[in-house]
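What you are looking at is a predicted structure, and each value in this text was computed from that prediction instead of being measured.
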Amino acid sequence: MGIEFSGYPRRVEALRPVNNMLYKVTIEPEYLKAELFNRETMEETREFLQIVAGAATRYQRSSVLICVHSSNPVFTVERSGFLAYFRKLSVDPSHKIALLGDSEELGISHQYIELIGRQHGVNVQSFRDEAAAVKWFKAEPKRQRSSGSKPGE
C-alpha cells in the first residue's frame with residue numbers, strides 16, 4: 001500500500017528491501033519515479049522492472065524516470081526484461097523512459113539500453129541529471145514530416 005503525503009502532489013507507491021536491493025517508486029503528478037539501490041543480480045533487475053512497468057500502467061504514467069544507485073551495470077538488455085516490460089508502454093506514442101545512473105559504468109550501460117530500446121520502438125534516453133530528464137518529459141515531441149515534404153512546409 002502506498003503512503004500519502006498530505007500537502008504534496010505525489011505519492012510513494014513502494015519502499016521495500018528485497019535481499020540487499022532496495023527500491024522506491026514515487027507517483028509524481030506527471031511521471032513515475034522509480035529509484036533502485038544495490039541491485040546485483042539479473043533476477044533483481046527483472047523484479048524491479050516488472051514492478052515499475054506495472055506501476056506505470058496502474059497509475060497511467062507514460063513517462064517513467066528510473067534512477068539507479070550503487071548497482072551493477074546491465075549490458076544484457078534482453079535478459080533484464082527491459083524490452084518485455086516496457087513494450088506495453090511503447091503502445092502510447094507519448095511514452096518516455098528516462099534512465100539515470102550514479103556512476104560512469106551505469107551511464108555507459110544506460111546508453112547501451114537506450115540504443116537497444118530505440119531499435120525496438122521504446123522511447124528511452126539516458127541522462128546525467130534528473131532536471132534534464134524531467135525537462136525532456138515536458139518537451140513536445142518532434143513532429144515527423146510527411147514523405148516528400150520539404151522543411152518549412
Looking only at heavy atoms, the pair that brings Asn38 and Glu44 closest together is O-OE1, 4.2 Å

Here the gap from His120 atom NE2 to Phe82 atom CZ, rounded to the nearest 0.5 Å, amounts to 11.5 Å

Below 4.5 Å, heavy atoms only, C-beta onward: do Val124 and Phe86 meet side chain to side chain? no

Any Met42 side-chain heavy atom under 4.5 Å of Arg46 side chain: yes

Find out whether Glu40 and Met21 are in side-chain contact, i.e. whether some heavy atom of one side chain is under 4.5 Å from a heavy atom of the other. no

Closest non-hydrogen contact found for Ala56 with Val64 is CB-CG2, 3.8 Å

Check: Side chains of Trp136 and Phe127: closer than 4.5 Å at any heavy-atom pair?
Finding: yes

For this session: Answer yes or no: is there a side-chain heavy-atom contact under 4.5 Å between Lys96 and Gln125?
Result: no

One should read off an interatomic distance between Ser126 OG and Ile97 CD1, to the nearest 0.5 angstrom, of 13.0 Å

Could you check if a side-chain atom of Lys135 sits within less than 4.5 angstrom of a side-chain atom of Phe137, using non-hydrogen atoms only?
no

- Is the count of non-hydrogen atoms from other residues, nucleotides or ligands lying under 6.0 Å from Gln60 atom CD greater than 12? no

Q.
Quick one: does any side-chain atom of Arg58 pair with a main-chain N or O of Ala53 as donor and acceptor, under 3.5 Å?
A. no

Side chain to side chain contact (heavy atoms under 4.5 Å, CB included) assessment of Ile66 paired with Val68:
CA-CA 6 Å; Ile66 299 175; Val68 183; 4.0 Å; yes

| Quick one: are Leu32 and Thr26 in side-chain contact, heavy atoms under 4.5 Å? | no

Here the gap from Leu65 atom CG to Lys33 atom NZ, rounded to the nearest 0.5 Å, amounts to 6.5 Å

Inset, instruction - Test side chain to side chain contact (heavy atoms under 4.5 Å, CB included) on Tyr23 and Val52 and set out the steps. - result: CA-CA 10 Å; Tyr23 67 87; Val52 172; over 6 Å; no

Donor-acceptor pairs under 3.5 Å, side chain of residues 99-112 to any protein atom, not counting sequence neighbours: which ones?
from   : atom 1 : to     : atom 2 : distance (Å)
Asp102 : OD1    : Ser70  : N      : 3.3
Asp102 : OD2    : Ser70  : N      : 3.0
Ser103 : OG     : Leu106 : N      : 3.1
Ser109 : OG     : Leu106 : O      : 3.0

ask   = Are any of the side-chain heavy atoms of His95 and Val122 separated by less than 4.5 Å?
value = yes

Nearest heavy-atom approach of Tyr31 to Val134 is OH-CG2, 3.6 Å

| message | Counting neighbours of CZ on Arg118 that are heavy atoms of other residues, nucleotides or ligands and sit closer than 6.0 Å, is the number greater than 12? | response | yes

Looking only at heavy atoms, the pair that brings His69 and Glu35 closest together is NE2-OE1, 3.7 Å

